Protein chains: 2
Amino acid sequence: MKKTVGVSPKLNSDLTAKARIRNAAFALYANYGEDATSMRAIAEAAGVTVGLVVHHFRTKDGLREAIEQHIVDLFFGAIEQVPLEGTTAEIAAARDEAVADMLSDNPAVVGYLRRALLDPMGHRGRILEMLTDLAAKQVATLRNVGVASKAHRDSSQVIGVMIRQLGQLFLQPMVDSMWNQLAGPNAAEDDKPLLVVKVQES
Amino acid sequence: MKKTVGVSPKLNSDLTAKARIRNAAFALYANYGEDATSMRAIAEAAGVTVGLVVHHFRTKDGLREAIEQHIVDLFFGAIEQVPLEGTTAEIAAARDEAVADMLSDNPAVVGYLRRALLDPMGHRGRILEMLTDLAAKQVATLRNVGVASKAHRDSSQVIGVMIRQLGQLFLQPMVDSMWNQLAGPNAAEDDKPLLVVKVQES
DNA sequence: ATCAACACTATACGACTGTATAGCAAAATA
DNA sequence: TATTTTGCTATACAGTCGTATAGTGTTGAT
């Protein structure tokens, strides 16, 4: 049984081969992890040969860099498009929502990040550093227009943004899995306990 | 540069070769992941040859089963040793503490579970199922002696126990990493924001 | 029309993977 | 003491890995 994973062929058929390869790799990495994904599997999923993957991205490291840059672009694009209007709290909320929308539009982002971030970090990709930088800039611009809430230190605020946006998504599959095992697969979905992840000023 | 990872040679030198192999694999899996760990690397870390690894565990799957059974034993041992005395709440608290102690004595457990549980779950090992069963029994025995708190449904309580005990450990490295990047490596350690993970009745 | 750049395929290479097999020495069993 | 079992090493095999190289056809500029 050969399964197509993640990307709709229809949506991808008019992309350049390079983008198709990146998307295929992205989806496979998110689902099975980079180690478990061979260049040949990526090539097949993208409908090309191994040689072309190498031609466009040189090495597997290069492929990962392209993917992680793509992820950063997605975050940036989501944040960028919300106008700087209203109170700081409103802007922050709108940004959180824009990111949440982007994440639900691109489930591979969540899958990839879940895998990448739980590594003893930095060993491989630099995606967390990049996203932390982005979140820091995000807080900085909020401080420029109007006055950012001084209730928290800057770095705490940055961490708060990231954890709020990602933490729940990482742990939710664990809760879902346990819920299925304990309550059975056809239990009332809305009885499922809600997961809360937050950071607290120490 | 060849580094020894996780296990103290002194503590392991008087173990059987089989246990040494399991421990070596356990530490390597926790640090680098199963995919990135070859049987030959395990053998070298345990001071034996590949053949012996196969002799004792047959396949790599067998090795993982042994490791996961070992993890379950560690959890069970921790819970088992707290006496059934005091109020239900006191017992529950004592159990949480015993588990916390076990986890800090065996950091590989946290590393291994972090990797195993955040995968699209069940694809490989059955460790989460086993631990959920254990937690369910844990709640059941509490219900037998005295009366368990009826404030929550059973399954919510089980999930609560697991998430409290593990959730924070999984996300903390992410917080630490961001904290280092933002505040610098030599910032006051106790300014670091505290991560809170909990489940809420819906 | 010519030539260079580009997108792409095909094949091959050495390294490494998990596992199978054969054999040796020590320990246990008889 | 003789024999089986056990713990262990050594070597080998077939497959897969990431990557290199050579070559084909197509596009675009001069």
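Lettering follows sequence order; numbering is per chain, from 1. The shown structure was predicted, so the numbers you read here are calculated from the model rather than taken from an experiment.
The main-chain N or O of A:Gly33 is found under 3.5 Å from a side-chain atom of A:Thr37 such that the two form a donor-acceptor pair. Looking at A:Arg164, its side chain never comes within 3.5 Å of a backbone N or O of A:Ile159 through a donor-acceptor pair. Looking at B:Arg20, its side chain does come within 3.5 Å of a backbone N or O of B:Ala46 through a donor-acceptor pair. Remark: side-chain polar atoms of B:Gln181 are paired, donor with acceptor, to backbone N or O of A:Glu129 under 3.5 angstrom. Using a distance-only test at 3.5 Å, with no hydrogens or angles considered, no donor-acceptor pair links the side chain of B:Arg95 to the main chain of B:Glu90.
The nucleotide range of DNA chain D contacted by chain A, defined by atoms under 4.0 angstrom from heavy atoms of the protein and reported 5' to 3', is D:dC17 to D:dT19.
Within a heavy-atom distance below 4.0 Å of DNA chain C, the residues of residues 55-63 of chain B found are B:Thr59, B:Lys60. Near DNA chain C, meaning a heavy atom under 4.0 Å away, the residues from residues 36-43 of chain B are B:Thr37, B:Ser38, B:Met39, B:Arg40.
The side-chain heavy atoms of B:Met162 and B:Leu128, taken from C-beta on, include a pair separated by under 4.5 Å.
Using a 4.0 Å cut-off between a side-chain N of Lys or Arg and a carboxylate O of Asp or Glu, A:Arg64 and A:Glu34 qualify as a salt bridge. Under 4.0 Å is where a charged nitrogen must lie from a carboxylate oxygen, and between B:Arg124 and B:Asp61 no such pair does.
Within the 4.0 angstrom heavy-atom criterion, base atoms lie near A:Val50.
Remark: B:Lys137 fails to qualify as a cation-pi partner of B:Phe76 under the 6.0 Å distance and 45° angle criteria applied to the six-membered ring.
Aromatic ring orientation, B:Tyr112 versus B:Tyr29: parallel (interplanar angle below 30°, classes split at 30° and 60°).
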